[in-house]
Each structure stands twice: as C-alpha cells, then as structure tokens.
Amino acid sequence: MFSVLRAFRPNANFCLQKAIKVGSYSTATEASHELVPFKLHKLENGPQETVTFTREEALKYYRQMRTIRVMETTAGNLYKAKWIRGFCHLYSGQEAICVGMEAAITPDDSVITAYRAHGWTYIRGVSLRGVLSELTGRESGCARGKGGSMHMYAKNFYGGNGIVGAQVPVGAGIALAHKYKDEDNICISLYGDGAANQGQIFEAYNMAKLWDLPCIFVCENNGFGMGTSAERAAASTTYYTRGDYIPGLWVDGMDVLAVKEATRFCKDYVLNNGPIVMEMATYRYHGHSMSDPGTSYRTREEVQEIRQTRDPIGKFKEVIVNANLVTKDEIKKIEDEVKKEVAEAAEQAKTDPELPLNELYQNIYADPPQDYNVRGCDDSIWVHSR
C-alpha cells in the first residue's frame with residue numbers, strides 16, 4: 001500500500017475519538033477538534049493542533065464539500081452521456097483542500113491550479129451552472145464555453161491549466177504582482193505529485209525565495225501521477241521538504257479543519273517571510289481522467305478502504321454530528337437541497353445555447369490594435385465580447 005495510505009493510519013482512531021470536546025446538546029454553537037499532527041520542515045513552530053470551529057462553519061463547509069462531490073459525480077455522468085467532450089478530470093476525494101484553503105483566505109487572494117479544477121472554480125465563486133455549462137461548452141459557462149475542463153477562470157482565480165506544472169511559475173508571478181503593488185495578499189499555486197518532479201517547479205521555488213514572494217506552493221499528493229504511484233515516480237516522496245531552503249508543512253488533506261488551520265498559518269508566514277511549500281496528503285477516487293478507469297494500477301478494495309475510513313465528507317459529518325453542532329436531519333436536508341441544485345444546473349448545462357461560429361475569432365485581444373487583421377476574417381467579427 002502506498003505512502004498516502006500509510007501516512008493516514010498513525011493516530012487515526014485517536015483523532016476521531018478525542019476530537020470532540022463539547023456538551024451533549026444539539027444547541028452547541030462551537031466545538032474543538034484535535035488534528036493529525038503536522039510535519040514540519042525548517043520550521044520551529046507549526047499550526048495549532050487543536051482548533052475550534054462554529055456551528056455556522058460546520059454547516060458551510062459540509063454544504064460546500066457535498067456540493068462539489070455531487071457536482072463532480074454529475075460531471076462524470078454527463079461525460080459518459082457524451083454531453084461533455086474532450087478531457088474531464090474529477091476532484092472527488094479532494095474536496096477538503098479547496099474548501100479548507102478558501103476558508104482561510106480572502107477573495108482578494110489569488111489561486112492558480114492544474115486541470116483538476118472544477119472544485120476550485122466553484123469555491124472561488126463560479127456558480128454550479130457556470131461550471132457545468134463550461135464543461136458542456138455552453139455560453140453560460142464561466143469562460144463562455146470556450147475553455148472547458150482545462151481552462152476555467154474567475155476573479156483572482158487563474159485556472160485550470162492544461163500543461164503539467166506550468167501554472168506553478170505563473171503562480172510565483174502572481175505573487176510577485178501582489179508584492180510589487182504592495183498588497184497584503186498571497187497567491188496559492190497548486191500542483192499534483194505527478195508534476196512535482198518538473199524542473200520549472202524548482203525554478204519557481206528559487207525565484208520566489210530570492211524575492212521572498214508571498215506564495216504558498218501546494219502539492220496535492222493524491223498518490224498517483226496519472227497511473228504511476230508516487231513511489232515509482234519520485235526518489236523522494238516527502239514533497240513538503242522538496243523546497244530544500246524553503247520551509248515546508250505536511251497536512252492531512254482529508255481533514256477540512258486541518259487544511260484551514262494550516263492555510264491560516266501559511267498565509268501569515270508568507271506575508272512576513274516569503275514562500276512555503278505545503279504537501280496535502282489526499283486521494284482521488286476516480287482515475288486520472290474520465291478515460292482512465294483507475295483500476296489497472298490500484299485495487300477497488302484500496303479505493304473502498306479510503307472511502308470508508310478517510311473520506312473528507314464522511315469524516316467531517318461524523319465530527320460535527322458527534323459534536324452536537326448539526327443534527328442528522330439537518331445533514332439530510334442539506335444533501336437533498338444540494339442534489340436538487342446540481343440537477344437543475346445540469347439541466348441548464350444541457351439546454352443553454354452554444355456560442356455562434358463567429359465567436360471563434362473573438363476575444364483574441366481585449367483591445368484590438370489598429371490595422372490588424374485576422375487572416376480570412378472580417379474585422380467586424382473579432383472584437384472583444386463578454
């Protein structure tokens with residue numbers, strides 16, 4: 001069994017048994033939760049290992065993670081029904097990362113990630129319709145149907161990028177822009193364990209440290225780069241130490257509260273000291289993409305074990321119900337509401353209009369230069385449109 005599974009096992013039962021410290025009434029307004037210990041690299045102190053959270057936060061995080069899970073399941077079904085063409089990389093199993101990180105930053109902070117981007121697109125403010133319609137190539141999509149799964153954008157969310165690892169130096173550049181403009185904001189630059197051996201990752205580390213850029217480099221270690229396990233692809237699988245001269249932090253990426261606390265710590269760190277590397281130990285339930293069944297390089301039993309013992313949504317549900325912050329009836333109501341909302345968005349994603357053909361030549365420039373022609377096109381059809 002690979003390292004991500006092994007990393008979760010120490011103290012896992014202890015964590016669940018000792019996590020809740022509240023009264024016995026369903027009217028509790030807050031609870032404490034004990035986290036799996038963080039692992040530190042070149043840090044004297046790390047995040048707190050016991051965190052307090054409120055009932056409102058419990059309801060919010062559960063709804064967000066459940067929405068992303070149902071949205072991704074729906075996207076998978078739309079792909080199988082051929083409403084979605086091309087590439088489709090699902091985030092199921094990794095929801096705690098985007099939800100937890102977003103909870104610790106502000107809308108003015110920036111995020112850039114790879115092509116497993118649907119969850120991040122939603123959590124950064126794009127509607128369910130905007131995500132699903134982008135997948136089906138409709139005008140109501142967040143990129144007007146032109147980007148699809150590989151290129152989704154929102155305010156201060158720079159994609160959804162299809163070239164493996166290429167978003168990481170771009171993320172360093174975004175962090176440079178924040179520092180250049182003297183803004184009290186950061187950039188989170190995410191990549192997978194499969195991209196972690198790319199040379200451009202280390203070039204970005206170097207420049208970010210030379211200039212002490214406010215950048216959190218996040219390796220979402222889901223155990224596999226496409227169909228190759230981390231152990232077979234990397235001489236060192238302790239990704240949080242890969243920055244060498246840059247501090248690092250290992251985080252249980254299946255615990256939304258651990259992710260939030262780690263991100264809070266790292267944001268404060270990078271604003272005052274420059275870059276840091278985070279490794280989020282997580283797991284993806286589906287294959288690399290919809291064209292990968294995900295069963296030739298791992299067993300169904302392995303996936304099922306993670307679903308049963310470490311699922312970020314199921315785990316959080318157990319924590320908040322046992323803490324008497326949320327009742328089972330409230331959980332059921334959230335799940336029913338989410339299911340309905342996603343179904344409505346999916347129907348719109350199938351029936352909304354596609355862009356007309358002349359849109360193919362538009363949006364080449366935001367401000368088209370004088371006397372510039374696109375070969376074979378009338379000037380009137382390639383203006384910038386929104």
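If you run side-chain contact (heavy atoms from CB on, under 4.5 Å) between Phe157 and each of Thr121, Val126, Ile112, only Thr121 comes through.
Ile97 and Ile105 fall within a single hydrophobic cluster, where Ile, Leu, Val, Met, Phe, Trp and Tyr are joined by side-chain heavy atoms under 4.5 Å apart, directly or via other members. Using a 4.5 Å cut-off between side-chain heavy atoms of Ile, Leu, Val, Met, Phe, Trp and Tyr, with links allowed through other members, Ile246 and Val218 fall into different hydrophobic clusters. In terms of hydrophobic clustering, with Ile, Leu, Val, Met, Phe, Trp and Tyr side chains grouped at heavy-atom distances under 4.5 Å, Ile188 and Leu257 are assigned to a common cluster. Tyr269 and Phe217 fall into different hydrophobic clusters, defined by Ile, Leu, Val, Met, Phe, Trp and Tyr side-chain heavy atoms under 4.5 Å apart, directly or through other members.
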request  = Mind running side-chain hydrogen bond (donor to acceptor under 3.5 Å, both in side chains) on Glu95 and Tyr61 for me, showing each step along the way?
outcome  = CA-CA 10 Å; Glu95 298 90 348; Tyr61 303 157; over 6 Å; no
query = Would Lys317 and Asp311 satisfy salt bridge (Lys or Arg N to Asp or Glu O under 4.0 Å), going step by step from the backbone distance to the final call?
reply = CA-CA 10 Å; Lys317 175 181 175 180; Asp311 181 70; over 6 Å; no
request  = Go through Trp120 and Glu102 one step at a time and tell me if the side chain to side chain contact (heavy atoms under 4.5 Å, CB included) criterion holds.
outcome  = CA-CA 9 Å; Trp120 269 108; Glu102 184 67 25; 4.1 Å; yes
Verdict with reasoning, Tyr62 to Glu330, per side chain to side chain contact (heavy atoms under 4.5 Å, CB included) = CA-CA 11 Å; Tyr62 186 81; Glu330 288 176 311; over 6 Å; no
Val319/Phe53 under side chain to side chain contact (heavy atoms under 4.5 Å, CB included): CA gap, chis, key distance, verdict = CA-CA 11 Å; Val319 168; Phe53 64 105; 4.0 Å; yes
Verdict with reasoning, Tyr153 to Glu134, per side-chain hydrogen bond (donor to acceptor under 3.5 Å, both in side chains) = CA-CA 10 Å; Tyr153 305 97; Glu134 186 61 33; over 6 Å; no
task = Run the numbers on Lys60 and Arg63 for side chain to side chain contact (heavy atoms under 4.5 Å, CB included), then give the verdict.
result = CA-CA 5 Å; Lys60 178 181 179 181; Arg63 178 181 288 273; over 6 Å; no
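Side chain to side chain, Gln167 and Tyr115 fail the donor-acceptor criterion of an N or O pair below 3.5 Å. No side-chain N or O of Tyr297 forms a donor-acceptor pair with one of Arg232 less than 3.5 Å apart. At a cut-off of 3.5 Å, with distance as the only test, no side-chain donor of Gln200 or Tyr191 sits close to an acceptor on the other residue.
From Glu72, atom CD reaches atom OG of Ser92 across 5.0 Å, with rounding to the nearest 0.5 Å. Lys42 contributes atom NZ, which lies 12.5 Å from atom CG of Leu40 (distance to the nearest 0.5 angstrom). Note that CG of Leu249 is 5.5 Å distant from CE of Met278, once rounded to the nearest 0.5 Å. To the nearest 0.5 Å, atom OG1 of residue Thr263 and atom CD1 of residue Ile216 are 6.0 Å apart. Here the CE atom belonging to Met280 is positioned 12.5 Å from the CE atom belonging to Met254, to the nearest 0.5 angstrom. Summarising the geometry, atom CE belonging to Met150 is positioned 12.0 Å from atom CG belonging to Leu135; distances are rounded to the nearest 0.5 Å.
For Arg307 and Tyr285, the positive end sits near the middle of the six-membered ring, less than 6.0 Å away and at most 45° from its axis.
Nearest heavy-atom pair across Cys88 and Tyr79 is CB-CD1, 3.7 Å. Across all non-hydrogen atoms, the minimal contact from Ser32 to Thr50 is CB-CG2, 4.3 Å. Listed here is the closest heavy atom pair of Leu59 and Ile334: CD2-CD1, 3.8 Å.
A salt bridge links Lys332 with Asp336: the distance from a Lys NZ or Arg NE/NH1/NH2 to an Asp or Glu carboxylate oxygen falls below 4.0 Å. For the pair Arg242 and Glu279, the salt-bridge criterion is not met [side-chain N within less than 4.0 Å of a carboxylate O]. Between Lys179 and Asp212 there is no salt bridge, since no side-chain nitrogen of the basic residue lies less than 4.0 Å from a carboxylate oxygen of the acidic one. A salt bridge does not link Lys209 with Asp244: every distance from a Lys NZ or Arg NE/NH1/NH2 to an Asp or Glu carboxylate oxygen is 4.0 Å or more. Ionic pairing of Arg264 and Glu261 is present here: one or more N-O contacts between side-chain nitrogen and carboxylate oxygen are shorter than 4.0 angstrom. Ion pairing of Glu347 with Lys350 is present here, as a side-chain N (NZ or NE/NH1/NH2) and a carboxylate O approach within less than 4.0 Å.
Residues Gln348 and Ser140 fail the side-chain proximity criterion, which asks for heavy atoms closer than 4.5 Å. Put simply, the side chain of Arg298 reaches to within 4.5 Å of the side chain of Phe224, judged on heavy atoms. A heavy-atom distance below 4.5 Å is not found between the side chains of Trp83 and Asn77. You'll find the side chain of Tyr205 reaches within 4.5 Å of the side chain of Val277, heavy atoms only. Considering only heavy atoms from C-beta on, Thr295 stays 4.5 Å or farther from Val303 through its side chain. Side chains of Phe316 and Val99 form no contact here, defined as non-hydrogen atoms less than 4.5 Å apart. For the pair His89 and His288, the minimum side-chain heavy-atom distance is below 4.5 Å. Arg284 has its side chain out of reach of Thr282: every pair of non-hydrogen atoms, C-beta onward, lies at least 4.5 Å apart.
With side-chain heavy atoms closer than 4.5 Å counting as contact, directly or through intermediates, the hydrophobic cluster containing Leu210 also holds Leu176, Met207, Trp211, Leu213.
By the neighbour-count criterion of 12 heavy atoms within 6.0 Å, atom OH of Tyr245 is densely surrounded, having more than that number from other residues, nucleotides or ligands. More than 12 heavy atoms of other residues, nucleotides or ligands shown are found within 6.0 angstrom of CG on Asn272.
In this structure, Asn45 has no side chain to side chain donor-acceptor pair (under 3.5 Å) partners at least two apart in sequence or on a different chain.
Of the possible donor and acceptor atoms, none in the side chain of Asp193 sits under 3.5 Å from a partner among the backbone N and O of Cys219. At least one donor-acceptor pair closer than 3.5 Å links the side chain of Arg116 to the backbone N or O of Leu90. Side-chain N or O atoms of Ser133 include none that pairs as donor or acceptor with a backbone N or O of Gly130 at under 3.5 Å. Using modelled atom types, one side-chain atom of Arg124 and one backbone atom of Asn156 make a donor-acceptor pair closer than 3.5 Å. For the pair Asn161 (side chain) and Ile163 (backbone), a donor-acceptor distance under 3.5 Å is absent. A donor-acceptor pair under 3.5 Å links the side-chain atoms of Asp109 to the main chain of Thr106, judged by distance alone. Using modelled atom types, no side-chain atom of Ser289 and backbone atom of Phe87 make a donor-acceptor pair closer than 3.5 Å. Looking at Glu57, its side chain does come within 3.5 Å of a backbone N or O of Thr54 through a donor-acceptor pair.
Taking the six-membered ring where the residue is Trp, the centroids of His41 and Tyr239 are separated by 6.0 Å or more. Aromatic rings of His118 and Tyr91 (six-membered ring for Trp) have centroids beyond the 6.0 Å cut-off, not under it.
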